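Everything on this sheet refers to the single structure shown next.
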Amino acid sequence: MSNTLQGIKQRFGIIGNTPALNRALEIASQVAATDLSVLVTGESGSGKEIMPQVIHALSNRKHGPYIAVNCGAIPEGTIDSELFGHEKGSFTGAVESRKGYFEVANGGTIFLDEVAELPLQTQARLLRVLETGEYIRVGSSKVMKTDVRIIAATNVRIPEAIRRGKFREDLFYRLNTVPIFIPPLRERKEDIHLLFRKFAADFADKYRMPAIKLNDDALEILNNYSWPGNIRQLKNITEQISVIESEREITAEILLRYLPKETKDVPLALGKENDYTEREILYKVLFDMRNELNELKAVVYNLMHGRPIEHKLATENLIPQLENDAALVSVPQKGNIIYSQASQGFTVQPKIINPNTIQEHEEIEESLSLQEKEKDMIKKALIKHKNRRKNAANELGISERTLYRKIKEYNLKH
């Protein structure tokens with residue numbers, strides 16, 4: 001299997017030896033001999049477009065047509081015509097009949113890149129092709145047949161798109177017969193320098209100049225950078241440095257000039273710690289608010305039963321006890337007497353209030369803004385841990401990178 005993988009990599013110019021990448025190539029080579037539909041997933045710029053080429057080249061359809069279609073680049077009004085063709089006069093500008101991609105690719109393979117961008121109406125047409133091989137040209141009533149192998153790719157989380165009503169669930173299951181995941185570049189750390197050297201050599205040949213190389217500090221930054229644009233971003237930066245810089249040995253200072261500004265100050269050696277989203281930190285805020293409410297209930301319960309209030313409330317013991325006892329329900333006040341009733345039977349417990357003990361107080365409306373709550377929690381965590389971001393991030397349940405971004409977003413002094 002290793003010789004087969006090595007041959008595929010050499011044939012298609014694939015650089016890297018990460019287990020996840022090798023696994024994706026193994027699946028592609030195994031499924032190539034079948035006609036099963038394949039869904040390739042991965043982040044933008046991670047190299048998803050190479051997998052359909054591998055599958056087609058290793059399949060029995062290798063002598064047939066191979067057509068790659070970027071579904072996100074075709075306007076919604078013309079996508080059906082592009083895929084399925086149209087008849088003369090079917091719409092304004094249709095001066096002659098036209099074959100669609102499914103007709104042209106008959107006997108071969110069609111690659112639908114960014115398939116999640118397809119309109120729902122087109123998704124229904126595509127589902128019919130997958131199930132029966134049948135389609136109808138725009139403006140026609142004649143059913144036509146096609147024999148194509150469909151491979152799709154997307155950088156969208158399709159289950160989320162299904163929940164939002166943007167993608168058909170039945171189409172997802174038809175496309176996802178064989179899933180192939182392409183890992184992002186940040187999960188292929190041992191491949192990053194190999195790719196950089198390959199791109200540097202290619203651009204040296206292209207522009208007829210010596211290839212650039214990195215010193216040890218620059219190499220460490222290269223390997224630890226998150227690469228949100230994946231291989232495409234690495235290739236673009238390598239080309240920029242090759243053309244612009246006169247020095248062929250690249251230092252850390254030079255490399256940092258070409259990294260996006262918002263990521264220069266982010267700690268680079270973050271390992272594989274999960275980067276939580278804003279939604280997750282807001283959930284934590286809501287959970288903390290719920291705990292505070294439970295503590296408040298416990299305080300009220302202790303006061304009404306004449307119990308002392310401890311510094312740290314054991315709400316886990318008090319709240320179940322509160323639920324087991326007769327739940328106290330407040331009723332309107334009459335004069336200087338407050339009445340209460342228990343849920344088990346009706347009991348009146350008058351409590352005399354001395355008007356002289358009533359003090360005026362000012363009610364301060366508490367802010368219910370989640371952003372303010374989040375900002376306040378971050379401040380408290382930083383103070384508690386004496387501005388040690390790593391410890392504060394662990395306390396908040398978020399990554400250090402997210403905490404750093406929040407500090408900048410809220411302009412917190414630390």
Side-chain angles (χ1 to χ4, degrees), residues 31-32 34-41 44 48-57 59-158 161-162 164-180:
V31 77
T34 71
D35 280 335
L36 295 174
S37 56
V38 177
L39 180 62
V40 185
T41 58
S44 178
K48 299 186 295 296
E49 65 281 352
I50 199 67
M51 287 300 165
Q53 299 176 28
V54 172
I55 294 172
H56 176 73
S59 72
N60 297 327
R61 299 173 178 267
K62 59 185 176 182
H63 299 299
Y66 173 81
I67 297 179
V69 183
N70 188 339
C71 301
I74 304 176
E76 183 174 343
T78 61
I79 185 68
D80 286 350
S81 172
E82 293 288 330
L83 293 177
F84 309 108
H86 65 257
E87 297 292 345
K88 180 180 179 179
S90 58
F91 55 87
T92 303
V95 295
E96 59 183 2
S97 299
R98 179 186 180 279
K99 293 182 178 180
Y101 295 133
F102 279 100
E103 188 172 352
V104 175
N106 188 34
T109 304
I110 187 167
F111 171 43
L112 301 177
D113 196 8
E114 304 302 339
V115 69
E117 301 297 328
L118 286 175
L120 289 174
Q121 179 181 352
T122 307
Q123 292 179 29
R125 287 173 171 260
L126 178 59
L127 180 62
R128 183 178 181 185
V129 174
L130 283 164
E131 291 178 341
T132 65
E134 298 177 348
Y135 67 96
I136 301 176
R137 283 184 176 183
V138 176
S140 173
S141 58
K142 180 182 178 182
V143 177
M144 304 182 70
K145 295 280 289 185
T146 185
D147 175 25
V148 296
R149 171 59 163 307
I150 298 178
I151 303 173
T154 181
N155 62 355
V156 173
R157 295 181 179 178
I158 293 189
I162 293 173
R164 292 187 287 107
K166 300 294 184 180
F167 201 85
R168 293 179 61 105
E169 186 173 11
D170 47 3
L171 177 58
F172 170 63
Y173 292 126
R174 291 291 301 185
L175 289 173
N176 200 40
T177 304
V178 178
I180 296 179

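This one's a predicted model, so the numbers in the text were calculated from it and none came from an experiment.
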> Say you draw a straight line from OH of Tyr173 to CG of Leu127; how long is it, rounded to the nearest 0.5 Å?
Replying inline: 13.5 Å
>> Strictly distance-based, threshold 3.5 Å: is any side-chain N or O of Arg98 a donor or acceptor partner for the main-chain N or O of Ser81?
In response: yes
>> With heavy-atom distances below 4.5 Å as the criterion, would you say the side chains of Phe102 and Ile110 are in contact?
In response: yes
>> In the structure I gave you, are the side-chain heavy atoms of Ile180 and Thr41 within less than 4.5 Å of one another anywhere?
In response: no
> Run the side chain to side chain contact (heavy atoms under 4.5 Å, CB included) check on Arg168 and Leu120 step by step: do they pass?
Replying inline: CA-CA 7 Å; Arg168 293 179 61 105; Leu120 289 174; 4.2 Å; yes
> Would you call Leu171 and Leu130 a side-chain contact if the rule is heavy atoms closer than 4.5 Å?
Replying inline: yes
>> Could you check whether atom NZ of Lys88 has more than 12 heavy atoms from other residues, nucleotides or ligands sitting under 6.0 Å from it?
In response: no
>> Does Leu112 form a side chain to side chain contact (heavy atoms under 4.5 Å, CB included) with Glu117? I'd like the steps, not just the answer.
In response: CA-CA 10 Å; Leu112 301 177; Glu117 301 297 328; over 6 Å; no
> Given the rule in the side chain to side chain contact (heavy atoms under 4.5 Å, CB included) test, do Val38 and Ile150 qualify, once you have shown the distances and angles that lead to the verdict?
Replying inline: CA-CA 7 Å; Val38 177; Ile150 298 178; over 6 Å; no
>> Looking at Leu39, is its backbone amide N or carbonyl O close enough to the side chain of Asn176 to form a donor-acceptor pair, meaning the two atoms are under 3.5 Å apart?
In response: no
> For Lys145 and Thr132, which heavy atoms make the closest approach, and how far apart are they?
Replying inline: NZ-O, 2.8 Å
> In Å, rounded to the nearest 0.5 Å, how long is the span from CD1 of Ile162 to CZ of Phe167?
Replying inline: 7.0 Å
>> Please report the interatomic distance CG(Asn60) to OG1(Thr34), rounded to the nearest 0.5 Å.
In response: 9.5 Å
> Is there a side-chain contact between Val31 and Thr177, using heavy atoms and a 4.5 Å cut-off?
Replying inline: no
>> Atom CZ of residue position Arg157 - does it have more than 12 heavy atoms of other residues, nucleotides or ligands inside 6.0 Å?
In response: no
>> Minimum heavy-atom separation for Val104 and Pro65, please, with both atom names.
In response: O-CG, 3.6 Å
>> Tell me if a side-chain donor or acceptor on Glu87 pairs with a main-chain N or O of Ser97 at a distance below 3.5 Å.
In response: no
>> How long is the straight-line distance from NZ of Lys62 back to CD of Gln53, given to the nearest 0.5 Å?
In response: 16.0 Å
>> Can you confirm whether Lys142 sits close enough to Ile136 that some side-chain heavy atom of one is under 4.5 Å from a side-chain heavy atom of the other?
In response: no
> Do Leu118 and Leu126 touch side chain to side chain, with heavy atoms closer than 4.5 Å?
Replying inline: yes
>> For a 4.5 angstrom cut-off between non-hydrogen side-chain atoms, does Asn70 reach Phe111?
In response: no
> Val148 and Thr109: side chain to side chain contact (heavy atoms under 4.5 Å, CB included), yes or no, with the steps?
Replying inline: CA-CA 5 Å; Val148 296; Thr109 304; over 6 Å; no
> So which heavy atom on Gly139 is nearest to which on Ser90, and how close?
Replying inline: CA-CB, 3.6 Å
>> Within this structure, what is the CG-CG distance for the pair Leu36 and Leu175, rounded to the nearest 0.5 Å?
In response: 12.5 Å
> Is there side-chain contact between Tyr135 and Thr146, with at least one heavy-atom pair below 4.5 Å?
Replying inline: yes
>> Between the side chains of Asp80 and Arg137, is the shortest nitrogen-to-carboxylate-oxygen separation below 4.0 Å, so that they form an ion pair?
In response: no
>> Would the distance check show the side chain of Arg149 and the main-chain N or O of Arg61 forming a donor-acceptor pair, the cut-off being under 3.5 Å?
In response: no
> Does any donor atom in the side chain of Glu82 or Tyr101 lie under 3.5 Å from an acceptor atom in the other side chain?
Replying inline: yes
> If you look at every heavy atom in Glu76 and Ile79, which pair is closest and at what distance?
Replying inline: O-CG2, 3.2 Å
> Of the non-hydrogen atoms in Ala32 and Ile55, which two are nearest, and what is the gap between them?
Replying inline: CB-O, 3.6 Å
> Aromatic rings His56 and Tyr66: how do their planes relate, parallel, tilted or perpendicular, breaks at 30° and 60°?
Replying inline: tilted
> Which pair of heavy atoms, one from Met51 and one from Val40, lies closest together, and at what distance?
Replying inline: CB-CG2, 4.1 Å
>> Working to the nearest 0.5 angstrom, can you tell me the gap between Asp170 CG and Gln123 CD?
In response: 9.0 Å
> Would you find more than 12 non-hydrogen atoms of other residues, nucleotides or ligands less than 6.0 Å from Glu134 atom CD?
Replying inline: yes
